[in-house]
A.B. asks: 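Structure below; questions to follow.
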Amino acid sequence: MKRAALSTLIDWKQDSLRKPMLMMGARQVGKTWLMQDFGKKHFRNTVYVRFDLDKLIKQNFEQDLDVKRLLSVLQLHGRKPIIPGETLIILDEIQECPHALTALKYFYEEAREYHIIAAGSLLGQNEHHGTGFPVGKVDMMTLYPLSFSEFLQATGNEMFADLLDSRDTTLINGFAPRLTELLKTYYFVGGMPEAVSTYVQSGDFLRVRKIQTALLNGYRKDFSKHAPGAVSHLISQIWNSIALQLSRENKKFLCKDVQPGMRMRQLEDAMQWLADAGLIYQVSRISKPAVPIAAYKERAFKLFYLDVGLLSAMCGLSVKVLLEPSRIFSEFKGALAEQFVQQELRLICEEEPVYWVSESNQAEIDFIIQQDAELIPIEVKAEVNLKAKSLKTYCKKFQVPTAVRLSLANWNEQEMPIGDSGENCRLLNLPLYATGQLIATLTTPKEKG
């Protein structure tokens, strides 16, 4: 599989001011594969350590954090010389050895010439609680499930990934039916590497669903194995409630959907655990669109899973919906569309998206992103729906110069009236399958079409 995150690692390798790289991300998103692929393609050799299996290495890190001694230990373990610039040191499942996580600080301070990359699951908890976490001494990146573009490349549809990147609107609109079919498939399969690989190898959606079910069961086992006992049952309840929450017309997170009578203060620790594990993402509501966004965040929020395919599995989406032209897009009141869009936005936006609701609750903007100093409202339509009542209300209220509507309609731009004196807003109508091209479209003119 071709992962876009590889370019981040290449830039890191070439950076003279680099620190040890710490790769974050949920279990099973492909961290190990990416690190090994990076080492294979861009270094002469690799020394690989997996702390949940290499007990002797773990004991050596627990003995002391003398960098020279640890480099000798790693060299003996790998049975090859460790040469700066030529050898990649991979420390995998590093959460199993807190001393190794702390050691990254000393590698940075005393051995910066070496290329060291570490990864593990549940690392967010270490960062959140500050236990041995090398704050300021590591570069960090987060690996997510495969994006729609990566999915296209993995499934032999590179030409469509390239077409979307070209932003040739005339040609893209001509292939809208095919791109819609591919998006439908992605909604079901999602971006978890094992699910995508199974689909590529077999084309069997039932096998894909078995993989997704196994992944979900694995996460549930993590709840009981790794989470504090006081909150493990609440973690499961929150996790199971998200599909229901997203299936409502109003997708605001409600404590009563977790358990009747529950209060937010009782759920905060469990929710933080899921977020630190990279399994859920929160989209906060803002009182008004102004910078800095953080100053206007409210307590209300929506929760999403890490992957649209896992949401489809949690909702029990039948494979039969793939046989009907547009049923998958209308199922669960647009939940899959919003899940998909927030995944894509996290990959292309520097800041986390937020959302807005009018005081009367009559208008809602699904997502708002910050592009430079401008806040861009985004309305998500699950199908070919060009009604924009909420978007017009918002743009008129705040005199917005640019707005985005995501749907299955063709790619085009238009002027949307937002005032009584002839004021207009630039409205970008972008197909859902082109969400990944949103930032490039907003910042540069389209190339063709």
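Computed from heavy atoms alone, side chains included, the values below leave out hydrogens, waters and symmetry copies.
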A.B. asks: Can you find a heavy atom in the side chain of Thr87 that is under 4.5 Å from one in the side chain of Arg44?
C.D. replies: no
A.B. asks: Passes salt bridge (charged side-chain N to carboxylate O under 4.0 Å, His left out), Lys184 versus Glu181? Steps please.
C.D. replies: CA-CA 5 Å; Lys184 180 195 297 186; Glu181 281 296 312; 3.1 Å; yes
A.B. asks: Name the orientation class of the two ring planes belonging to Phe148 and Phe151 (parallel below 30°, tilted from 30 to 60°, perpendicular beyond 60°).
C.D. replies: parallel
A.B. asks: Any idea how Phe51 and Phe61 line up, ring-wise: parallel (<30°), tilted (30 to 60°), or perpendicular (>60°)?
C.D. replies: perpendicular
A.B. asks: Any non-hydrogen side-chain atom of Phe188 less than 4.5 Å from a side-chain atom of Tyr199?
C.D. replies: no
A.B. asks: For Trp239 and Tyr219, take the angle between the two ring planes, folded into 0 to 90°, and tell me which bin it lands in: parallel under 30, tilted 30 to 60, perpendicular over 60.
C.D. replies: perpendicular
A.B. asks: Roughly how far, to the nearest 0.5 Å, is the CG atom of Asp257 from the CD1 atom of Ile242?
C.D. replies: 11.5 Å
A.B. asks: Once rounded to the nearest 0.5 Å, what's the spacing between atom CG of Leu216 and atom CE of Met314?
C.D. replies: 6.0 Å
A.B. asks: With a 3.5 Å cut-off and no angle check, do the side chains of Glu344 and Gln342 form a donor-acceptor pair?
C.D. replies: no
A.B. asks: Under 3.5 Å, is there a donor-acceptor pair linking the side chains of Gln201 and Ser197?
C.D. replies: yes
A.B. asks: Taking C-beta and beyond as the side chain, do Leu74 and Leu91 meet within less than 4.5 Å on heavy atoms?
C.D. replies: yes
A.B. asks: Would you say the side chains of Glu86 and Asn45 form a donor-acceptor pair under 3.5 Å?
C.D. replies: no
A.B. asks: Would you say Gln28 has more than 12 foreign heavy atoms packed within less than 6.0 Å of its CD?
C.D. replies: no
A.B. asks: Does a donor on one side chain and an acceptor on the other come within less than 3.5 Å for Glu268 and Gln272?
C.D. replies: no
A.B. asks: Quick check for you: to the nearest 0.5 Å, what is the distance between Gln343 atom CD and Leu306 atom CG?
C.D. replies: 7.0 Å
A.B. asks: Taking salt bridge (charged side-chain N to carboxylate O under 4.0 Å, His left out) as the definition, give me every residue that meets it alongside Lys41, ordered by chain and number, with sequence neighbours left out.
C.D. replies: Asp37
A.B. asks: In this structure, are over 12 heavy atoms from other groups packed under 6.0 Å from Glu351 atom CD?
C.D. replies: no
A.B. asks: What residue pairs, at least two apart or across chains, pass side-chain hydrogen bond (donor to acceptor under 3.5 Å, both in side chains) with a residue in residues 301-310?
C.D. replies: Lys302-Glu338
A.B. asks: Here's a test for you: under side chain to side chain contact (heavy atoms under 4.5 Å, CB included), which of Leu311, Thr198, Leu310 qualifies with Gln212?
C.D. replies: Leu310
A.B. asks: Any carboxylate oxygen within less than 4.0 angstrom of a Lys/Arg side-chain nitrogen, looking at Arg69 and Glu110?
C.D. replies: no
A.B. asks: Is the distance between the ring centroids of Phe340 and Tyr187 under 6.0 Å?
C.D. replies: yes
A.B. asks: Tell me whether the centres of the aromatic rings in Tyr433 and Phe160 are closer together than 6.0 Å.
C.D. replies: no
A.B. asks: Taking the six-membered ring for Trp, are Tyr281 and Phe304 ring centroids under 6.0 Å apart?
C.D. replies: no
A.B. asks: Inspect the contact between Glu150 and Lys2 and indicate whether a charged nitrogen and a carboxylate oxygen are less than 4.0 angstrom apart.
C.D. replies: no
A.B. asks: Between Tyr355 and Phe301, is the gap from one ring center to the other below 6.0 Å?
C.D. replies: no
A.B. asks: Test Leu438 against Ile378 for side chain to side chain contact (heavy atoms under 4.5 Å, CB included), laying out the working first.
C.D. replies: CA-CA 10 Å; Leu438 174 57; Ile378 302 172; 3.6 Å; yes
